[in-house]
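Written below as structure tokens is the structure these notes are about.
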Amino acid sequence: MPLTYRIRHYDTIGSTNDEAKRLASLGEPEGTVVSADEQTAGRGRSGRTWITPPGAAIAMSIILRPRIPAIHSTQIALLGGLAVLEGIRRIVDLPAQIKWPNDVLVRGKKVAGVLAEATFAGEALESVVLGMGVNVNAGPPPDFKLEYAATSLAAESGCPLDREAVMNAILAALDARYPQLGRPELAAAWSEHLAMRGEQVRVAGMTETIIGRLEGVTGEGAIVIRLESGEARMLLAGDVHLRGA
Ligand code: BTN
């Protein structure tokens with residue numbers, strides 16, 4: 001089923017994810033997009049703050065109601081990262097990559113992040129709010145303490161870009177990929193665009209850290225790490241952090 005988008009745009013909002021979650025809980029249909037020129041309480045993964053430079057970035061959250069088993073809900077965040085990457089590439093020729101699970105990098109620096117938040121009704125997946133933050137014409141201010149190097153599409157391409165065009169391209173890419181949830185095409189696309197693919201990486205989890213060669217992504221959205229022993233380990237996103245070894 002194609003997504004029918006309905007945009008609710010705000011000049012300023014706390015967090016587009018929070019507003020989309022509120023609307024989803026009131027029964028707002030799939031395809032509603034909450035977007036804003038500025039967020040005053042933008043949220044990133046793992047409780048981090050996300051800065052949306054006013055008028056220079058994309059902050060949007062899409063309400064999805066995928067008919068997939070709840071166990072597959074982690075794929076939505078990866079789908080979001082892929083849609084951002086493919087949307088960017090429709091507009092500007094940049095070497096964008098996905099840092100698993102769902103950061104988008106250009107030349108090793110982060111240009112976009114994805115925050116997917118699922119709601120369950122008992123065992124069933126009820127809705128997912130897919131939040132995307134893209135540094136289009138500016139990144140976070142230099143004095144903002146980051147755990148990673150950040151950049152913007154404009155800085156990397158050398159020219160300012162039309163935010164709305166980038167946003168529409170991302171939404172079109174999401175629409176094209178959405179029916180592929182749970183299908184092998186997604187695994188192939190994730191693997192193709194994967195940053196550090198073929199390299200030695202370190203994956204730190206809650207209980208152990210493993211080091212091995214990053215081989216690709218499965219259809220479930222797990223990364224495949226080949227250990228020195230030859231054993232392949234698959235890890236799903238969650239409390240694991242991927243770094244170069
Ligand atoms: C991350 O990389 O940590 C994820 C960042 C996600 C930021 C986006 S901006 C739009 C939406 N609203 C939020 O509060 N967060 C997401």
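These numbers come from a predicted model, not from an experiment. As the structure lists them, so they are numbered: ligands from 1, and atoms in each ligand from 1.
- With respect to atom 15 (N) of ligand 1, the closest heavy atom belonging to the protein is Arg43 O, 2.7 Å.
- Counting only heavy atoms of the protein, atom 9 (S) of ligand 1 lies nearest to Gln39 NE2, 3.3 Å.
- At a heavy-atom cutoff of 4.0 Å, ligand 1 is contacted by the side chain of Lys110 but not by its backbone.
- In terms of hydrophobic clustering, with Ile, Leu, Val, Met, Phe, Trp and Tyr side chains grouped at heavy-atom distances under 4.5 Å, Val129 and Met132 are assigned to different clusters.
- Of all protein heavy atoms, the one closest to atom 5 (C) of ligand 1 is Trp50 CE3, 3.4 Å.
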- Could you walk me through whether Glu156 and Arg107 pass side chain to side chain contact (heavy atoms under 4.5 Å, CB included), step by step? CA-CA 8 Å; Glu156 295 303 315; Arg107 302 184 183 102; 2.8 Å; yes
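- Protein heavy atom closest to atom 3 (O) of ligand 1, with residue, atom name and distance, is Arg45 N, 2.7 Å.
- Taking 4.5 Å as the limit, every side-chain heavy atom of Val128 sits out of range of all side-chain heavy atoms of Arg65.
- The distance from ligand 1 to the heavy atoms of Met60 drops below 4.0 Å at these ligand atoms: 10 (C).
- If you number the atoms of ligand 1 from 1 as listed, the ones under 4.0 Å from a heavy atom of Asp103 come out as 2 (O).
- Dense packing is recorded around CD of Glu231, with more than 12 heavy atoms of other residues, nucleotides or ligands lying under 6.0 Å away.
- Listed by number with element, the atoms of ligand 1 under 4.0 angstrom from any heavy atom of Gly44 are 1 (C), 3 (O), 4 (C), 5 (C).
- Hydrophobic cluster membership is shared by Met60 and Ile88, with clusters built from Ile, Leu, Val, Met, Phe, Trp and Tyr side chains linked at under 4.5 angstrom.
- Among protein heavy atoms, the minimum distance from atom 10 (C) of ligand 1 is reached at Thr16 OG1, 3.2 Å.
- Contacts between Val114 and ligand 1, counted as non-hydrogen atom pairs separated by less than 4.0 Å, involve the backbone only.
- Cluster annotation: Ile170 and Leu115 are assigned to distinct hydrophobic clusters (Ile/Leu/Val/Met/Phe/Trp/Tyr, side-chain heavy-atom contacts under 4.5 Å, transitive).
- Backbone and side-chain nitrogen or oxygen atoms of Arg48 are examined, and none is located within less than 3.5 angstrom of a nitrogen or oxygen of ligand 1.
- Following chains of ILVMFWY side-chain contacts shorter than 4.5 Å, one can reach Leu130 starting from Ile98, so the two form part of one hydrophobic cluster.
- Residues Glu28 and Arg8 form a side-chain contact, since some pair of their non-hydrogen atoms from C-beta on lies under 4.5 Å apart.
- Near Gly42, the atoms of ligand 1 lying under 4.0 angstrom from a non-hydrogen atom of the residue are 14 (O).
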